[in-house]
There are 2 protein chains.
Amino acid sequence: MRIDVDAFKVLEVLVEEGSFAKAAERLHKAQSAVSYQIKKLEQHLGVNLFCRDQYRAELTPEGKVILAEGQRLLQYLANIEHLASRFSEGWEPKLELVIDGALPMEPIMKALKRMAAHQIPTKIQLNMEFLGGVQARFERDNADLMLVKDYRTGPNYRPQSLPDITSILVVAASHPLAVEENISLFELQRHVELTIEDSSPEISYQDELQFGGDKVFYLSGFIMKKNALEMGLGFGWMPDFLIHDELKRGELVEVDFSGGSRHSFTPKLVSTMERPLGKAGRLFTELIMEEFDRAEL
Amino acid sequence: MRIDVDAFKVLEVLVEEGSFAKAAERLHKAQSAVSYQIKKLEQHLGVNLFCRDQYRAELTPEGKVILAEGQRLLQYLANIEHLASRFSEGWEPKLELVIDGALPMEPIMKALKRMAAHQIPTKIQLNMEFLGGVQARFERDNADLMLVKDYRTGPNYRPQSLPDITSILVVAASHPLAVEENISLFELQRHVELTIEDSSPEISYQDELQFGGDKVFYLSGFIMKKNALEMGLGFGWMPDFLIHDELKRGELVEVDFSGGSRHSFTPKLVSTMERPLGKAGRLFTELIMEEFDRAEL
DNA sequence: ACATACCATCTATTTTATAGATTAACTCAC
DNA sequence: GTGAGTTAATCTATAAAATAGATGGTATGT
């Protein structure tokens, strides 16, 4: 038979009260029950916790150590119970998020920071993907939420719109396209297009914003894409919030494409009815909406 | 009623085996007992650990977290049991040592280091005192062992001798006493004597190696005493192992006192029969003897 | 469709925890 | 000292809990 953790509680109270009878009273038990529990604990551990030579039983040095360890054990057990109570309140044990690298990180990070401040029991996993990779991962991992630029609608998806984001077709000021006017698609296709590499494992649906030229560079993430643009490697779409400063300083300029150099999209926060959100998921939804709205001002 | 930690063990085996029946078999219990335990745990925590929709009951995400936490709890409990078993093997929970600052620290530290390597459950407390302070603390704190230069014998003391250590009466090379020959006690008393301050709370027995002059500086520890000597503040006794290099380099020189400039004493390792040593105390005794013998070579 | 495996549930039984009473050893006040 | 009052172990009866064994409904696979 395994040890009874209850005995550690009895031990604790017994030491606090300093007497078997008082401890029994505080524990709403008979004095004999306390004696029995302590004796059982001593037998189980093979250690004398109390020295019975004196009139009042006195804790041995070994007993002191066992008491301290037992208290830590009880503490740990209480933590588990607390954790469980949070679960039964509706907090999910894990919240898995997939976010699109094309979206601004600042409001996302702010929302996560505020989540952490709530002392919630939920473990949060955050994955960043690009283009079709976002949805691919959402489906493969059975994630709880995806924050995505655009997605193929599924059977039970519940999307919520976030404030619009504008992409701008830009190029370095030093690039030939920077000075041309009313550029045709044909002309555009003669230059190198910079694109984010789709992070999905299989061939995914093509981004509707590609121009179909044969000179396409695939980059892994917007930081690299921005670098490549600044170095004049080619032209490409960038979310406006990422290049605000560069446009202002004139390092990057908008391409005067006849088909339009601005494109706005509506990021979506998507969950699925197959995996309804728990408390943490709903809290995150609320916070992320707030942060995106605030960022827009 | 408090939670039954046994249930965590059942949970662990159940998850490993993947079936209530198999788990019951491994635990030498009936299948119903396993069902009962798990149901009780779920009720107690207020959390569904298993999803019974499928044919085979499957662990819920909450269950996974509870399982992991439960395993840590069991680990902790096992640690306590191990600790207790070490106690019942004769390892005392605490070993309190008092050492004399006049003794070489190196073998003591080496012995302690080797103690630590033994993975023993005993907590070790080490206190350094000077002169009468060593014994005062040994008695006041009911310590287990004292390593002392000399002591007043008590009723039930069990001393063991360590290899002799020599003290030398030294002074800085720049000090007037450094060049005098065949110095009388009277001459010596005209100069400042440097002494370690007795660390006992009450007035203790006077160190037999004091000269009775009126110019005495009391210092707290041999590091300060050595500094004071080097700076030519006065003369004083120093254990040879502490000033070996300084003598060699001629920074400190032996005083040519007519009454003798060398004095050897036998450090003692003392315990009392009122508090017999446990395993850790005996191990320390063994190691410290070894280290002192080794240091002598 | 049949044999098999899975797990909840029921009942009887064993095991364990507890209360209440008793006793021996001890303290303290007088 | 002596007697009243504590303290804690021990004993016995009882209440509570864990367990075994049996049963039944459901899912699996061949």
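Lettering follows sequence order; numbering is per chain, from 1. In this text the structure is predicted, and so the values were computed from the model without any measurement.
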By a strict heavy-atom criterion of less than 4.0 Å, which residues belonging to residues 32-39 of chain A are in contact with DNA chain D?
A/Ser32, A/Ser35, A/Lys39
Going by atom types only, do A/Glu81 and A/Ser85 share a side-chain donor-acceptor pair under 3.5 Å?
no
Distance in angstrom units between A/Lys29 NZ and D/dA16 C1', rounded:
11 Å
Within the 6.0 Å centroid threshold, strictly below: A/Tyr218 and A/Phe130:
no
Hey, are B/Lys22 and B/Glu25 close enough for a salt bridge, meaning a charged N less than 4.0 Å from a carboxylate O?
no
Quantify the bending of the helix from C/dA1-D/dT30 to C/dC30-D/dG1 as the angle between its end axes, each fitted on five pairs, to 10°.
30°
Using atom types as modelled and distance alone, determine if a side-chain donor or acceptor of A/Glu92 lies under 3.5 Å from a backbone N or O of A/Ala280.
yes
Distance check needed: C/dT16 P versus A/His44 NE2, whole Å only.
12 Å
Can you measure B/Ile3 atom CD1 to D/dA18 atom P for me and round it to whole angstrom units?
12 Å
Donor-acceptor pair between A/Ser161 and A/Lys268 side chains, under 3.5 angstrom
yes
Considering only heavy atoms, which members of residues 18-27 of chain B lie under 4.0 Å from some atom of DNA chain D?
none
Have A/Gln71 and A/Gln75 got a donor and an acceptor in their side chains that come within less than 3.5 Å?
no
With sequence neighbours left out, which residue pairs that include part of residues 52-63 of chain A fulfil the salt bridge (charged side-chain N to carboxylate O under 4.0 Å, His left out) condition?
A/Glu42-A/Arg52
With a 3.5 Å cut-off and no angle check, do the side chains of B/Asn127 and B/Gln125 form a donor-acceptor pair?
yes
Is B/Phe87 close to A/Ile66 at the side-chain level, that is, under 4.5 Å between some pair of heavy atoms?
yes
Which label fits A/Phe138 and A/Tyr157: parallel for a plane angle under 30°, tilted from 30 to 60°, or perpendicular past 60°?
perpendicular
Whole Å only: how far is the CG atom of B/Asn48 from the C1' atom of C/dA8?
14 Å
Strictly under 4.0 angstrom, non-hydrogen atoms only: write out the protein contact profile of nucleotides 23-30 of chain D, one letter per nucleotide from the 5' end, B, S or -.
----BS--
Out of A/Asp198, A/Val148, A/Val270, A/Leu103, which residue meets the side chain to side chain contact (heavy atoms under 4.5 Å, CB included) rule with A/Val134?
A/Val148
Check this for me, if you would: do A/Asp6 and B/Arg2 make a salt bridge, where the nitrogen-to-carboxylate-oxygen distance has to be below 4.0 angstrom?
yes
Separation of atom CG in A/Leu59 from atom C1' in D/dA8, rounded to whole Å:
16 Å
In whole Å, I'd like the distance from the NZ atom of A/Lys40 to the P atom of D/dA9.
15 Å
Could I get the full list of ring pair (Phe, Tyr, Trp, His ring centres under 6.0 Å) partners for B/Tyr76, not counting sequence neighbours?
none
Whole-Å gap separating C1' (C/dG20) and NE2 (A/His28):
18 Å
Please report the distance, rounded to the nearest Å, between CZ in B/Arg2 and P in D/dA17.
15 Å
